[in-house]
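This is the structure, below, for whatever I ask next.
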Amino acid sequence: MSTDPIVPDAKDWTWVLSRPCPECGFDAAGTGHAEVADLIATDATEWVDRLTRAGVRQRPAPGVWSILEYGCHVRDVHRIFDHRVRLMLSQDQPRFPNWDQDATALADDYPSQDPATVARELFQAATAVADTYRSVPEDAWSRRGLRSNGSEFTVSTIAVYHLHDIVHHAWDVGR
């Protein structure tokens with residue numbers, strides 16, 4: 001198992017809300033917020049399968065996460081977005097606490113986690129956030145929240161942004 005350091009991703013990915021991602025092909029314009037919950041649930045099932053593959057701990061190249069590490073990240077992404085959407089539904093224009101995904105990967109030692117546990121936790125986190133999206137009242141999709149860098153989201157745009165994140169990581173492990 002490689003332990004080459006991962007170069008932190010400092011990109012602001014909010015641009016994916018206004019144009020297709022040239023890497024994974026995700027097009028936010030073609031995805032409505034009403035579809036997000038079901039797509040997250042489908043993706044979670046696919047991650048459970050990915051996490052049972054042989055070589056799940058192997059990094060495909062130096063400085064590139066393994067399937068296990070991506071699975072840990074996707075699990076945590078679901079947890080973070082569930083928290084953020086719940087904040088948006090319960091507070092007026094909350095500012096989300098910063099989340100450093102790279103610090104989390106190191107602190108939680110993603111490479112040493114048990115793939116079966118990660119699969120179960122990822123599926124549970126995906127189910128929880130999908131249920132949160134399904135419970136959003138029709139008049140609440142326009143509620144707003146702010147990322148720590150000032151980027152503004154509505155519940156609708158954060159749902160689609162969240163979906164891109166997991167679609168992109170499925171593409172990452174599939175290439």
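These numbers come from the heavy atoms of this one structure, side chains and all, not from hydrogens, waters or symmetry mates.
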So, Ser135 and Thr132: side-chain donor and acceptor under 3.5 Å apart, yes or no?
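No donor-acceptor contact under 3.5 Å links the two side chains.
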
Taking only residues two or more places apart in sequence or in another chain, which ones pass ring-ring contact (aromatic ring centres under 6.0 Å, His included) with His168?
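With sequence neighbours excluded, His168 shows a ring-ring contact (aromatic ring centres under 6.0 Å, His included) to Trp13, His164, Trp171, given in chain and number order.
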
Are Trp65 and Cys72 close enough, and set up right, to give a side chain to side chain contact (heavy atoms under 4.5 Å, CB included), and what steps lead you there?
CA-CA 10 Å; Trp65 273 348; Cys72 291; over 6 Å; no

Decide yes or no on salt bridge (Lys or Arg N to Asp or Glu O under 4.0 Å) for Asp27 and Arg19, but give the supporting numbers first.
CA-CA 7 Å; Asp27 186 1; Arg19 62 184 190 273; over 6 Å; no

Tell me whether Trp99 is reachable from Tyr70 by hopping between hydrophobic residues (I, L, V, M, F, W, Y) whose side-chain heavy atoms are closer than 4.5 Å.
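Yes, because Tyr70 and Trp99 connect within a single hydrophobic cluster, where side-chain heavy atoms sit under 4.5 Å apart.
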
Under 3.5 Å donor-acceptor, Thr157 side chain and Thr154 backbone:
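Present.
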
Using the rule given for side chain to side chain contact (heavy atoms under 4.5 Å, CB included), can you reason through Val118 versus Trp47, listing the C-alpha separation, both sets of side-chain angles and the distance that settles it, and then say yes or no?
CA-CA 10 Å; Val118 172; Trp47 272 104; over 6 Å; no

Main-chain N/O of Pro97 paired to Arg84 side chain as donor or acceptor, under 3.5 Å
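Checking the backbone N and O of Pro97 against the side chain of Arg84, a donor-acceptor pair under 3.5 Å is found.
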
Please give me the minimum heavy-atom distance between Ser66 and Pro60, naming the atom from each residue.
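Scanning both residues, the minimum pair turns out to be CA-CD, 4.4 Å.
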
Please check if the side chain of Arg95 supplies one atom and the backbone of Leu146 the other of a donor-acceptor pair under 3.5 Å.
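Side chain of Arg95 to backbone of Leu146, a donor-acceptor pair under 3.5 Å: no, none is there.
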
Going by atom types alone, do His78 and Asp82 pair a side-chain donor with an acceptor below 3.5 Å?
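Looking only at side-chain atoms, Asp82 and His78 do not form any donor-acceptor pair under 3.5 Å.
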
Are the side chain of Gln58 and the backbone N or O of Gly55 linked by a donor-acceptor pair below 3.5 Å?
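Here the side-chain-to-backbone pair does not exist.
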
Hydrophobic clustering (ILVMFWY, side-chain heavy atoms < 4.5 Å, transitive) - are Leu89 and Ile40 grouped together?
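In one cluster with Ile40: Leu89, yes.
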
Look only at the side chain of Arg75 and the backbone of Ala119, and say whether a donor-acceptor pair between them is shorter than 3.5 Å.
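Judged by distance alone, no pair lies under 3.5 Å.
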
Please check if the side chain of Asn149 supplies one atom and the backbone of Ser151 the other of a donor-acceptor pair under 3.5 Å.
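Indeed, once roles are kept as given, a pair shorter than 3.5 Å links the two residues.
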
Would Arg79 and Glu121 satisfy side chain to side chain contact (heavy atoms under 4.5 Å, CB included), going step by step from the backbone distance to the final call?
CA-CA 10 Å; Arg79 291 171 174 170; Glu121 292 172 347; 3.7 Å; yes

Straight-line distance of Leu51 CG to Glu46 CD, nearest 0.5 Å
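So the CG of Leu51 and the CD of Glu46 are separated by 12.0 Å.
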
Below 4.0 angstrom, N of the basic side chain to O of the carboxylate: do Arg59 and Glu69 qualify?
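So Arg59 pairs with Glu69 through a salt bridge.
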
Are Leu68 and Phe123 linked, directly or through other ILVMFWY residues, by side chains that come within less than 4.5 angstrom of each other?
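No, it is not one cluster - the side chains of Leu68 and Phe123 are not joined through contacts under 4.5 Å.
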
Looking at every heavy atom in both Ala28 and Val160, which two are closest together, and how far apart are they?
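For Ala28 and Val160, the tightest heavy-atom pair comes out as CB-CG1, 3.6 Å.
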
For residues Val36 and Ala159, report the shortest heavy-atom separation together with the two atoms involved.
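Shortest heavy-atom separation between Val36 and Ala159 comes out as CG1-O, 3.6 Å.
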
Are His83 and Phe96 close enough that their ring centres sit under 6.0 Å apart?
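No, too far apart.
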
Partner residues of His33 under the ring-ring contact (aromatic ring centres under 6.0 Å, His included) criterion, sequence neighbours left out
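His33 satisfies ring-ring contact (aromatic ring centres under 6.0 Å, His included) with Trp141 once adjacent residues are dropped.
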
Which residues pass the ring-ring contact (aromatic ring centres under 6.0 Å, His included) test with Phe153, not counting sequence neighbours?
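Partners of Phe153 under the ring-ring contact (aromatic ring centres under 6.0 Å, His included) test: Tyr161.
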
Please report the shortest heavy-atom distance between Arg50 and Ala170, naming the atom on each side.
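In terms of heavy atoms, the two residues are closest at NH2-CB, 3.3 Å.
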
Hydrogens and angles aside, do Gln113 and Arg57 bring a side-chain donor and acceptor to less than 3.5 Å of each other?
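No, no side-chain donor-acceptor pair sits under 3.5 Å.
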
To the closest 0.5 Å, what do you measure between OG1 (Thr127) and CZ (Arg134)?
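The distance works out to 8.0 Å.
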
When rounded to the nearest 0.5 angstrom, what distance separates CZ in Arg53 from CD1 in Ile67?
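Reported value, rounded in 0.5 Å steps: 4.5 Å.
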
If hydrophobic clusters are built by linking Ile, Leu, Val, Met, Phe, Trp and Tyr wherever their side-chain heavy atoms come under 4.5 Å apart, do Val48 and Val74 end up in the same one?
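Per the 4.5 Å side-chain linkage, Val48 and Val74 are not co-clustered.
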
Taking atom types as modelled and ignoring hydrogens, do the side chains of His73 and Asp76 form a donor-acceptor contact shorter than 3.5 angstrom?
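No, because no side-chain N or O of His73 sits under 3.5 Å from a partner of the opposite role on Asp76.
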
Thr45 OG1 to Leu122 CG distance, which is reported to the nearest 0.5 Å:
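Between atom OG1 of Thr45 and atom CG of Leu122 there are 10.0 Å.
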
Answer yes or no: are there more than 12 heavy-atom neighbours, outside Asp92 itself, under 6.0 Å from its atom CG?
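Counting other residues, nucleotides and ligands, CG of Asp92 stays at 12 neighbours or fewer.
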
How far apart are the closest heavy atoms of Asn98 and Ser148, and which atoms are they?
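In this case the closest contact between Asn98 and Ser148 is OD1-OG, 3.3 Å.
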
How far apart are the closest heavy atoms of Asp100 and Ala103, and which atoms are they?
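In this case the closest contact between Asp100 and Ala103 is OD1-N, 2.9 Å.
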
To the nearest 0.5 Å, how far apart are CG in Asp165 and CD1 in Ile158?
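With rounding to 0.5 Å, CG (Asp165) is 10.5 Å from CD1 (Ile158).
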
Start with the C-alpha gap between Thr31 and Leu163, add the side-chain angles, then the distance that decides, and say whether side chain to side chain contact (heavy atoms under 4.5 Å, CB included) holds.
CA-CA 9 Å; Thr31 307; Leu163 183 61; 3.6 Å; yes

Below 4.5 Å, heavy atoms only, C-beta onward: do Gln101 and Thr104 meet side chain to side chain?
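A side-chain contact under 4.5 Å is absent here.
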
